[in-house]
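Notes follow once the structure below has been shown.
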Amino acid sequence: MAQDVLCEVSNCTYWAKGNKCAAEEIYVISHKGKEASKQEETDCKTFEPGM
């Protein structure tokens, strides 16, 4: 897995200093079945709102 996963969603539980994702696993889904052809067709399901 990538060592440095960047994230700008600062209200996520897994957001860390330097816009890093501190989650142990990352789950990304496609809105188009198993294949996506554009970034807009995906979402990060790892997101959990922080306090």
Side-chain angles (χ1 to χ4, degrees):
M1 188 165 123
Q3 297 299 311
D4 290 321
V5 177
L6 301 178
C7 177
E8 295 182 358
V9 185
S10 61
N11 68 319
C12 181
T13 298
Y14 302 111
W15 184 88
K17 184 178 178 182
N19 286 339
K20 304 284 176 125
C21 179
E24 290 186 26
E25 296 178 321
I26 298 171
Y27 178 33
V28 178
I29 66 160
S30 168
H31 301 288
K32 297 283 187 175
K34 296 209 179 239
E35 294 185 15
S37 57
K38 298 182 218 169
Q39 181 179 7
E40 295 82 13
E41 295 174 349
T42 64
D43 280 323
C44 177
K45 293 301 240 176
T46 306
F47 171 78
E48 288 187 27
M51 297 177 115

query: So, do Asp43 and His31 sit near enough that their side-chain heavy atoms are less than 4.5 Å apart?
result: yes

message: Minimum heavy-atom separation for Ser30 and Glu35, please, with both atom names.
response: OG-O, 3.2 Å

Within one Ile-Leu-Val-Met-Phe-Trp-Tyr cluster: Tyr27 and Tyr14, side-chain cutoff 4.5 Å: no

field: Side chains of Lys20 and Leu6 in contact at under 4.5 Å (non-hydrogen atoms)
entry: yes

- request: Starting at CD1 of Ile29, measure out to OG1 of Thr46 and round the result to the nearest 0.5 Å.
  value: 10.5 Å

message: For Pro49, is there any backbone N or O sitting under 3.5 Å from a side-chain donor or acceptor partner on Thr13?
response: yes

message: With rounding to the nearest 0.5 angstrom, report the CZ to SG distance, Phe47 to Cys12.
response: 5.5 Å

